[in-house]
Amino acid sequence: MSASVQSLVSQPYKYGFTTDIEADVIPRGLSEEVVRLISAKKNEPEFMLQFRLKAYRRWLTMAEPVWPNVTYPPIDYQSIIYYSAPKVQPQKLGSLEEVDPTLLETFEKLGIPLTEQKRLANVAVDAIFDSVSIATTYKEKLAESGVIFCPISEAVQEHPELVEKYLGSVVPIGDNYFAALNSAVFSDGSFVYIPKDTQCPMDLSTYFRINNGESGQFERTLIVAESGSSVTYLEGCTAPMYDSNQLHAAVVELVALDHATINYSTVQNWFAGDENGKGGIYNFVTKRGLCAGDHAKISWTQVETGSAITWKYPSCVLVGNHSVGEFYSVALTNNYQQADTGTKMVHVGKHTRSTIISKGISAAHSKNSYRGLVKMGPKAEGARNYSQCDSMLIGDRSSANTFPYIQVQNSTAQVEHEASTSKIGEDQLFYFAQRGISPEDAVSMIISGFCRDVFNKLPMEFAAEADKLLALKLENTVG
Amino acid sequence: MITPNSDLILSVNNLHASVDGVEILKGLNLEVRAGEIHAIMGLNGSGKSTFSKVLAGHPDYQVTDGEVRFKGEDILEMAPHDRATAGIFLAFQYPLEIPGVSNRDFLRVAYNAHRKARSQEELDVFDFDDLVEEKLGVVKMEATFLDRSVNEGFSGGEKKRNEILQMALLEPTLAILDETDSGLDIDALKTVAQGVNQLTGPDNAVILITHYQRLLNYIVPDYVHVMANGQIITTGDQTLAQELEARGYEGLLQQHQLEVTA
Amino acid sequence: MAASLSPPAPPLTADRRDRYLQNLAQILRSAVPEDLALVDLRSRAAAWLQEQTFPSPRQEDWRFTDLSPLLALDLQPAPAVSAPDLPDWSDLGTPAVQLVLVNGHFCSTLSQLEGLPPGAIAGSLRDLLNQPDLAAHFLPRLAQAPGQQEVFTALNTLGFADGVGLWIPPHSQVERPIQILYLSYPTPTPGLAQPRSLVVVEAGSQLTLVEQYGGDGASSLQLTNGVTEIWLQASAQITHSRLQREGESTFHIGKTAVMQAADSQYSGTALHWGAQLNRHHWEIYQTGPQTTTHLHGLAALRGSQHSDTHSLVALGHPHGRVEQRHRTIVDDRAHSVFNGRIVVSQAAQFTNASQINRNLLLSDQARVDTKPQLEIVADNVKCAHGATVSQLQADEIFYLQSRGLSASQAQRLLVYAFAMEILHTIPITSLREVLRATLAELSD
């Protein structure tokens, strides 16, 4: 029976096409010269070069982490191309007329129209193709409310004081091996600044596309929400299908000051490799939010369906008193995918609260691990955490693991963790079938019921996309 | 209700079926006509539940010989969900819990699957809600029951009533109730029995699979069959069930010169 | 995650840890009794140890338990004691078979073997291994349970001088509990006691086993490193209580490895009362289908005590059932660590496993680190785990106060109730009573 249930969760990757475009590519490999070259190509101020060099030197002294529950052949960091950008670039970003039409077409094909007439209403998009941002929509409209939304490379030029103040303030350059690598070579990403007491007038979104088969993608996102402000941010990712593995090592930093709220949602659908585990993206990402002020709130929502390997722990450091951290996650692994993902909630301030809802679905030979840390510091009086981690297994060759780390140093803190494992088995499907419901519909009902708590947290457009994405992955497949 | 010339709904000829290579059904014969209520009784292990699962098409059971016709059509090659929409309904002995899927959604999708199979237009959420709330009366359940996950955290009685609710909604031609009476207190048993009685008519038929005569006090069968060793060994009317209750299976089996296997 | 999950740089270099371990191994090897050479076993342990270093918080398994203080001790194998006394807490009330080890050496004067069921074998493991006909029950299983490749288990295998051997023949009901007492007496230099016990319950037999570790009351600075292996054959049942009540300056490291054959039942209760530093490895390996495992743990800690339980239940066959409850009560500056792994491999379909860890913090400086782990590769399973960390609920205390109890009486009552859920699982009334009294002192 596993074969029939299994076949339900396999379907072709529809974003696997390649865009044929001439690119400005630097020679493969990493050295101090390469770091300087990337900085020079971006015409960066001295502080950025120093930031990169410091990170590079730090990276040289570090070792790749071995504790995640994933296995992969050693990565040759000298065989990766660290900078690849479409050659014909508009002089000034924002004037879409000058963007290469091939690129606009690429994004249109991905469902992200960038041109004025077709763009999504009420969502501003920053589109990133390999190492650079190619277009950002609605910039002017956002500027009216004082919101800055632009590629980080542009922010380095236009708002160096903000970048210098906040870059690396949440994820220090030496935080971990992949964060150090990113700090040394990151090429582009999005920058968001929401001024005091401002509700961002529309949702912001970045769409990442890896095109080049041998380049890594190292983007960097920085979001700062001043006191009393709020923003909702969405992130989407796809890549063509290659036989080789590509490295994606991103860093996302969020800063929320007093009473500020940041909602950050991701739908990750990088190429996951084929049904034999060949190819796919290594998604080694560091995401962390700092609730710096009292009553600040950071909420991470993620739907992870792609990548050959996912290593990702969107986290919240709750420094401000009464600050709130949330993590809602659905991780689906199929074929030979491996995911080691979860969150860290570090409670520093008094009466801080955090909620973790994690849903893992593992099918075929995949390996899906939840790894989470809840830490109650000595001063976290009255802090509370609630965690719920549910796993669903499809077929008897997949594995689901739960590794919650709970560390408590304050007796008034309260931590609750619950985990359960269930399955979609033949008997469940037979029950549905006996009521006239086909196996395809049954699986999709069970999965969307299983994920409901998380989907409810996604912004509307994304919730629909996520549901569709899972349904697609589960389509066409009864044997 | 026995009406001699009513339509033949189910005909089973020399049915053999096995699970994991072990033969459980060993040549079972049965005919069920519209309007009839049949009770199948027997000890644990006699093959009663296997028979119900084979009729519904559970993938664990392999039919090795014989024939099953439903309204004249051979159903053995049909997928389980196609048999369901064709009109075969199985009330499960152990209804499954489906966390996260609300009872309301489950019922609507199931109901619409049946309509679609009959080339009828699907009901929208509002029309369906009106329909299902009307059907709740059959099993005396509150509307809040619809918003819980399917069978999750339901008591034994609630699960069985949920099965009857589904039956009320899907209006099957042939309803098979597999040990629906097991684990029910007397009040729940009465509710379930009343529901079943309300749903039977001249155009459909019911097969009750049960271990005890108790349920038959509330649902009066037209035929009572006794199963042993994968076959129907004797058939009678209500009095056979009473005899069975009085003399026990052993007496009956001895009479048929069969060993008590369970 | 990498940065904050990795511990601070170690104060001691790896070299020093290497040297310490190799030196200790050397000392142990040279002290092995001549009539207990066990060349193969000991050589294998020695060879493996040569590749190891002394555990440091840099290793994932030892992240929260720092053994650095041991490095300052010049440990020597603890000598036997000529005429020891039995501590007053050792009495089970009911006449029971009792086997006593002092500093890891069997003490026949304190042991009481009358009342053993017919055919059963019990006594000094060293003696038993020296009698070829009896050794046959033990030797094939000695150090054969999985999990030997752990530094302290290997040190024990390398150097143990004695222990208890217990063999229950097939289809025997052992009416009275059998107790093994591991006593620590002060030694002139910091002593290392390494008792080794091997318990075999043959098919269809039933046994109640109590193991108690403790000092004579006086504080002696030393390390107890005990290993007990329990083999349950088909349909065998054991109720096992393991009570650790060492003196407050003792370091206690222990391993309990249980091998469960088809249809066997293991019900274990482990209490961690004493020692300045306690670490218990509790490992259950399923070797056949349809086994039942109950693990109950309770640590009651105060002062600067540190207690760490690492449990593992490895399921590799269908229809296994596991229920684990681990509770800790942590007062003052004490620190409790729990790492509970349940591993359900692909063959272990229809496993039903649950694990609950509850931690009660009684002071601002008390600390808890817990990591319940589920690793599942089978799909037809039902597994759940949970962990909570909290203090006593204010409204519960208030409720009791409103019924006339003082705040401290209310607290004591609630702590007591929290602990009793575990103590209840000990099947011996007299022992439960003693523990109840001890607990009352602790919760004051």
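Each chain gets a letter, A, B and so on, in the order the sequences are listed, and its residues count up from 1.
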Under the side-chain contact (heavy atoms from CB on, under 4.5 Å) rule, what do A:Tyr431 and B:Asn151 come out as? Steps first, then yes or no, please. CA-CA 12 Å; A:Tyr431 190 61; B:Asn151 295 329; 3.1 Å; yes
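Within a 6.0 Å sphere centred on CZ of A:Arg384, heavy atoms belonging to other residues, nucleotides or ligands number 12 at most. Residue A:Arg353 qualifies as open at atom CZ: its count of foreign heavy atoms under 6.0 Å is 12 or below. Counting heavy-atom neighbours within 6.0 Å of B:Tyr94 OH, excluding the residue itself, gives a total of 12 or less. Heavy-atom neighbours of B:Asp147 CG from other residues, nucleotides or ligands within 6.0 Å: above the threshold of 12. A 6.0 Å sphere centred on CD of B:Gln120 holds more than 12 heavy atoms belonging to other residues, nucleotides or ligands.
For B:Leu90, the parts lying under 4.5 angstrom from a heavy atom of chain A are both the backbone and the side chain. Neither the backbone nor the side chain of B:Asp82 comes within contact range of chain A, judged by heavy atoms closer than 4.5 Å. Heavy atoms of B:Pro172 lying under 4.5 Å from chain A are absent altogether. Proximity to chain A (any heavy atom under 4.5 Å) is shown, for B:Ile88, by both the backbone and the side chain.
When side chains are defined from C-beta on, B:His58 counts as touching A:Asp427, because their heavy atoms get closer than 4.5 Å. For the pair B:Phe106 and A:Ile437, the minimum side-chain heavy-atom distance is below 4.5 Å.
Side-chain atoms of A:Gln434 do not come within 3.5 Å of backbone N or O of B:Ala91 as any donor-acceptor pair.
Counting all heavy atoms, side chain and backbone alike, B:Gly57 lies closest to A:Phe430 at C-CE1, 3.6 Å. B:His114 and A:Arg435 make their closest contact through CE1-O, 3.2 Å (heavy atoms, listed as atom of the first residue, atom of the second, distance). The shortest non-hydrogen separation linking B:Ile98 to A:Gln428 is CD1-CG, 3.8 Å.
For the set B:Leu96, B:Leu170, B:Thr85, the entry with the most heavy-atom pairs within less than 4.5 Å of chain A is B:Leu96. Taking A:Ala433, A:Ala442, A:Gly449 one by one and counting their heavy-atom pairs under 4.5 Å with chain B, the maximum is reached by A:Ala433. Top candidate by heavy-atom pairs under 4.5 Å with chain A, chosen from B:Ala113, B:Ala79, B:Ala56, is B:Ala56.
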